[in-house]
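Only one structure is covered here, and it is reproduced in the block below.
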Amino acid sequence: MTQAKIELFEGDITTLKVDAIVNAANESLLGGGGVDGAIHRVAGPDLLVECRGLGGCVTGDAKITGGYHLPARHVIHTVGPIWRGGENNEAELLESCYRSCFVLVREYDLKTIAFPAISTGVYGFPKQGAAKIAVREIEKALADNPALERVILVCFNAETKEAYREALGDWVSSSA
Ligand code: APR
């Protein structure tokens with residue numbers, strides 16, 4: 001049952017000892033606020049040095065680095081869409097973020113990964129819609145890649161947790 005492999009975690013993604021944590025970055029990959037700022041703060045300056053060599057990342061794509069001082073082995077940097085009302089391919093681009101991360105999970109044979117609620121902070125993507133996209137794409141990835149053991153959805157606020165609970169509930173009812 002792939003649903004059993006999805007976990008909710010309330011707290012700071014930088015504390016998680018997993019194969020990879022996902023960073024909600026911007027196209028420069030040169031750091032920022034929010035979870036991007038937290039990850040760079042804990043990882044230390046060598047993360048930025050590695051990011052500088054990546055030449056940025058287009059929205060919807062993902063790139064992998066080391067984790068440095070983070071407990072996580074890797075950081076997968078993905079760039080979510082900025083919410084502009086929903087008529088600018090935002091949903092497709094957010095779906096692409098999750099798919100791009102899972103391509104790297106398979107390439108690097110990662111077993112455990114943790115996601116923040118990509119695009120739902122500074123980038124303003126509505127939490128409910130983003131949660132539904134996340135759960136749907138994670139469900140597909142778990143079905144396609146039996147080697148994947150745990151996918152953690154990190155909730156940094158109550159609204160995000162509620163949105164994920166709702167999205168997971170929909171999934172359970174639809175798959176029952
Ligand atoms: N751990 C887990 N989640 C966190 C953390 C943390 N330490 N800090 C923030 N979050 C949550 C936010 O509460 C939100 O739910 O991560 C989610 C994504 O919010 P942002 O970090 O603002 O990311 P996003 O909306 O994708 O905007 C990306 O913000 O920080 C800049 O450089 C970044 O330009 C990029 C933009």
Does Tyr123 belong to the same Ile/Leu/Val/Met/Phe/Trp/Tyr cluster as Val58, with side-chain heavy atoms less than 4.5 Å apart forming each link? no
Using every non-hydrogen atom in the two residues, find where Ala62 and Cys101 come nearest and quote the distance to one decimal. CB-N, 4.0 Å
The remaining residues in the hydrophobic cluster of Leu47, counting side-chain heavy-atom contacts under 4.5 Å among Ile, Leu, Val, Met, Phe, Trp and Tyr, are Phe9, Ile13, Leu16, Val18, Ile21, Val35, Ile39, Val42, Tyr68, Leu70, Val75, Ile152, Val154
By the salt bridge (charged side-chain N to carboxylate O under 4.0 Å, His left out) test, which pairs, at least two apart or in different chains, include something from residues 100-123? Asp109-Lys111
Could you give all pairs that pass the salt bridge (charged side-chain N to carboxylate O under 4.0 Å, His left out) test and reach residues 31-44, with sequence neighbours left out? none
Identify the heavy atoms of Lys63 and Gly56 that sit nearest to each other, and give their distance. NZ-O, 2.6 Å
If you group Ile, Leu, Val, Met, Phe, Trp and Tyr by side-chain heavy-atom gaps below 4.5 Å, do Val135 and Ile133 land in one group? yes
At what distance, to the nearest 0.5 angstrom, does CG of Asn23 lie from CD1 of Ile118? 9.5 Å
Where at least one partner belongs to residues 141-151, residue pairs that pass side chain to side chain donor-acceptor pair (under 3.5 Å), sequence neighbours excluded: Glu7-Arg150
Return the CD1 to CG distance between Ile6 and Leu142, rounded to the nearest 0.5 Å. 5.5 Å
Could I get the full list of side chain to side chain contact (heavy atoms under 4.5 Å, CB included) partners for Glu159, not counting sequence neighbours? Lys127, Asn157
Is there side-chain contact between Cys57 and His77, with at least one heavy-atom pair below 4.5 Å? no
Transitively linked via ILVMFWY side-chain contacts under 4.5 Å: Phe125 with Val79? no
Members besides Leu48 in its Ile/Leu/Val/Met/Phe/Trp/Tyr cluster (side-chain heavy atoms under 4.5 Å): Leu30
Measuring from atom SG of Cys155 to atom CG of Leu8, what distance do you get when rounded to the nearest 0.5 angstrom? 5.0 Å
Rounded to the nearest 0.5 Å, the OH atom of Tyr164 sits from the CD1 atom of Ile138 at a distance of 6.5 Å
Taking the side chain as everything from C-beta on, heavy atoms only, tell me whether Asn88 gets closer than 4.5 Å to Leu93. no
Shared ILVMFWY cluster between Leu54 and Ile64, side chains joined below 4.5 angstrom? no
Search all heavy atoms of Leu148 against all heavy atoms of Lys5 and return the closest pair with its distance. O-NZ, 3.1 Å
Kindly say whether Thr65 contributes a backbone atom to a donor-acceptor pair with the side chain of His74 at under 3.5 angstrom? yes
Scanning both residues in full, the closest heavy-atom pair of Gly60 with Ser100 reads O-OG, 2.7 Å
So which pairs with a foot in residues 92-104 pass salt bridge (charged side-chain N to carboxylate O under 4.0 Å, His left out), sequence neighbours left out? Glu95-Arg99, Glu95-Arg136, Arg99-Glu137
Salt bridge (charged side-chain N to carboxylate O under 4.0 Å, His left out) contacts touching residues 11-35 (sequence neighbours left out): Asp19-Arg73
Asn26 side chain near Val122 side chain, heavy-atom distance below 4.5 Å: no
So which heavy atom on Leu29 is nearest to which on Cys51, and how close? O-CB, 3.2 Å
With sequence neighbours left out, write down each residue that passes salt bridge (charged side-chain N to carboxylate O under 4.0 Å, His left out) with Glu10, or none if nothing qualifies. Lys161
Ala158 backbone acceptor or donor facing Glu162 side chain under 3.5 Å: no
With Glu87, which residues qualify under side chain to side chain contact (heavy atoms under 4.5 Å, CB included), at least two apart? none
With Asp61 via salt bridge (charged side-chain N to carboxylate O under 4.0 Å, His left out) - residues at least two apart: none
Is there a path of hydrophobic side-chain contacts, each under 4.5 Å between heavy atoms of I, L, V, M, F, W or Y residues, that connects Tyr108 with Ile76? yes
Which residues satisfy the ring pair (Phe, Tyr, Trp, His ring centres under 6.0 Å) test with Phe115, sequence neighbours excluded? Tyr98, Phe102
What's the shortest heavy-atom distance between Gly44 and His69, and which atoms? CA-CD2, 4.3 Å
Measuring only between side-chain heavy atoms, which start at C-beta, is Phe156 closer than 4.5 Å to Pro116? no
